[in-house]
Amino acid sequence: IFVVNTVLKMYTVFGDLKSAQRLFDISPNLDIVSWNTLIDGYVKSGAIKLARSLFDKMGERNEITWTAMISGYAKTGSMDVAQSLFDRMPICRNPVTWNSMISGYAKCGLLSLARKLFDEMPFRNTASWNAMISSYAHNGEVELARSLFDKMQDKDVFSWSCMISGYAQNNRGRNALGLFKEMVQTRNGIRPNEVTLMSVLSVCGHLAALDQGKWIHAYIGRNKMRLSDNLGAALIDMYAKCGCVHTSVEIFWKLDHKNVSTWNALITGLAVNGLAHEALKTFEEMQRLKAKPNSITFLGVLMACCHGGLVEDGLRHFRSMSKNYDIQPEMKHYGCVVDLLARAGLLEEAQEMVRSMSMKPD
RNA sequence: UCACUAGACUGCG
């Protein structure tokens, strides 16, 4: 049964819920862990309804079952449902359950409710403090976030990353860099991980802080950190935003795995550096290699057309995104195309584009 | 063997 549960977990990690469900169905012995694993798998894949129907079918549930379900609702912003499950929970609520509720409320902008739970909960772990720090940060209260950060003990890499990205999200890039510096200089055994570095690289890009960005690049090499596709994307983005798009290109082709974000970083990077044709060629290459574009990919493509004044190409790609890729245009896509048309002097067409939008113009 | 907290690529302004 351990084996079944481990394989079940593996399937969910890879997002293969079909296989997980099939294994679940054909296995003669299942225990509560099997149920919990499948529920969490559905929650993480966004199929909260399926998770709930399993939850309702269960005979015996434990605190992990309840918490998995509650965190699913909290992540999707359904705090009413999350709260009612939280209230109905018959067994001991542990810090994990409380933490899910805190970040759920913060995500909906209900900062005071988040804080209320933080104050009321009987036991707080490090994740509770971290959750509260990012609750403040996500709601524009960086100073309060910082005072909690300073007050807490046993900071872990999450705490540092929370606070650093908190600064970044509130346009306090310099503070983010300063705190990062403190993090690497302090000999407390806590080292930045991939997520920390991605946040900091993003800051470097926005501030055009090339020297700091290069330092992080070297840091990755010096510490033999694996250059994952996401971290690669962050580097590509940083170099491009700092005007070194040739370095971006080099890094891109050296990566052995490229995911959609990697492609996006390069396409967007070329676009903002005025290399419209290179950006479009990169997009073609992406299609040739059968990589699946997303809405950010198309934003990059449209940006390239906009910078290059390529009206025909822009309109062609804009139409193709919904027709051939089933990606619905968002406000940012419309904004880009309207900009493209207007700059080309096609004001009538631009107005027509605004009228055709499925949402209210901003 | 299962649940919580940080996350880069996101137009113009």
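Per chain, numbering begins at 1; letters A, B, ... match sequence-line order.
Distances were taken from every side-chain heavy atom of A/Arg343 (C-beta onward) to each of B/C4, B/C12, B/U10; the shortest belongs to B/C12. When each of B/G11, B/G7, B/A6 is scored by its nearest atom to the side-chain atoms of A/Gln169, the top-ranked nucleotide is B/G7. Each of B/C2, B/A8, B/A6 was ranked by its minimum atom distance to the side chain of A/Met198; first place goes to B/A8. Distance from the side chain of A/Lys332 is smallest for B/U10 among the nucleotides B/G7, B/U10, B/C4. Set against B/U5, B/U10, B/G7, the side chain of A/Ala131 has B/U5 as its closest nucleotide. Candidate nucleotides B/C12, B/U5, B/C9 were compared by shortest atom distance to the side chain of A/Lys75, and B/U5 ranks first. Between B/U5, B/C4, B/U10, one nucleotide has an atom nearer to the side chain of A/Asn130 than all others, and that is B/U5. For A/Ser261, whose side chain is taken as the heavy atoms from C-beta onward, the closest listed nucleotide among B/U5, B/G11, B/A8 is B/A8. Nearest to the side-chain atoms of A/Asp339 among the listed nucleotides B/C2, B/A8, B/G11 stands B/G11. Set against B/G11, B/A3, B/C9, the side chain of A/Asp40 has B/A3 as its closest nucleotide.
What separates OH of A/Tyr334 from C1' of B/G11 is a distance of 15 Å, to the nearest Å. Taking atom CG of A/Asn36 as the reference point, atom P of B/U1 lies 14 Å away to the nearest angstrom. In this structure, A/Asp229 places its CG atom 14 Å from C1' of B/G7, rounding to the nearest Å. Here B/C2 presents its C1' atom at 11 Å from CZ of A/Phe2, a figure rounded to the nearest Å. One interatomic measurement links the two molecules: CG of A/Leu270 to C1' of B/C9, which rounds to 13 Å at whole-angstrom precision. Remark: C1' of B/A3 and CD1 of A/Ile48 are 13 Å apart, rounded to the nearest angstrom. The distance between atom CH2 of A/Trp129 and atom C1' of B/U5, rounded to the nearest whole Å, is 14 Å. In this entry the distance linking CD1 of A/Ile39 with C1' of B/C4 reads 16 Å, nearest Å.
Across all strands shown, A/Lys258 has no heavy atoms under 4.0 Å from either base or sugar-phosphate atoms. Residue A/His307 is out of contact with every strand shown, counting any heavy-atom pair closer than 4.0 Å. Using a 4.0 Å heavy-atom cutoff across all strands shown, A/Lys107 reaches no nucleic acid atom at all. Within the nucleic acid shown, A/Asn230 comes within 4.0 Å of at least one base atom, counting heavy atoms only. Across all strands shown, A/Ala127 has heavy atoms under 4.0 Å from base atoms, whether or not it also approaches the sugar-phosphate. Counting non-hydrogen atoms under 4.0 angstrom, A/Cys336 reaches a base of the nucleic acid. A/Lys155 comes within 4.0 angstrom of nothing in the nucleic acid, heavy atoms only. Residue A/Ile296 is in base contact, counting any heavy-atom pair closer than 4.0 Å across all strands shown.
Rounding to the nearest 0.5 Å gives a distance of 9.5 Å between CZ of A/Phe118 and OG of A/Ser135.
Interface remark: the A/Ser202 side chain does not form any donor-acceptor pair with the B/A8 base, using a distance-only criterion of under 3.5 Å. Side-chain atoms of A/Ser199 and base atoms of B/A8 include no donor and acceptor less than 3.5 Å apart. Judged by distance alone, with hydrogens and angles left aside, A/Asn264 brings a side-chain donor or acceptor within reach of the base of B/C9, the pair sitting under 3.5 Å. Contact of A/Asn193 with B/A6 (side chain to base): a donor-acceptor pair of N or O atoms is detected under 3.5 Å. In terms of polar N and O atoms assigned as donor or acceptor, the side chain of A/Asn94 comes within less than 3.5 Å of the base of B/A3 in a complementary pairing.
With a 6.0 Å cutoff to the six-membered ring centre and a 45° limit on the axis angle, A/Arg222 counts as a cation-pi contact of A/Trp215.
Judged purely by distance below 3.5 Å, without hydrogens or angles, the side chains of A/Ser53 and A/Asp56 never pair a donor atom with an acceptor atom. No donor-acceptor contact under 3.5 angstrom links the side chains of A/Arg146 and A/Tyr136, judged on distance only.
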Test A/Trp160 against A/Phe180 for ring pair (Phe, Tyr, Trp, His ring centres under 6.0 Å), laying out the working first.
CA-CA 8 Å; A/Trp160 287 89; A/Phe180 173 71; 9.6 Å; no
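Judged by distance alone, with hydrogens and angles left aside, the side-chain atoms of A/Ser27 form no donor-acceptor pair with the main-chain N or O of A/Phe24 at under 3.5 Å.
Contact between the side-chain N/O atoms of A/His138 and the OP1/OP2 oxygens of B/U5 is not found at any separation under 4.0 Å.
Ring to ring, A/Phe318 and A/Phe298 are not that close: their centroids are 6.0 angstrom or more apart.
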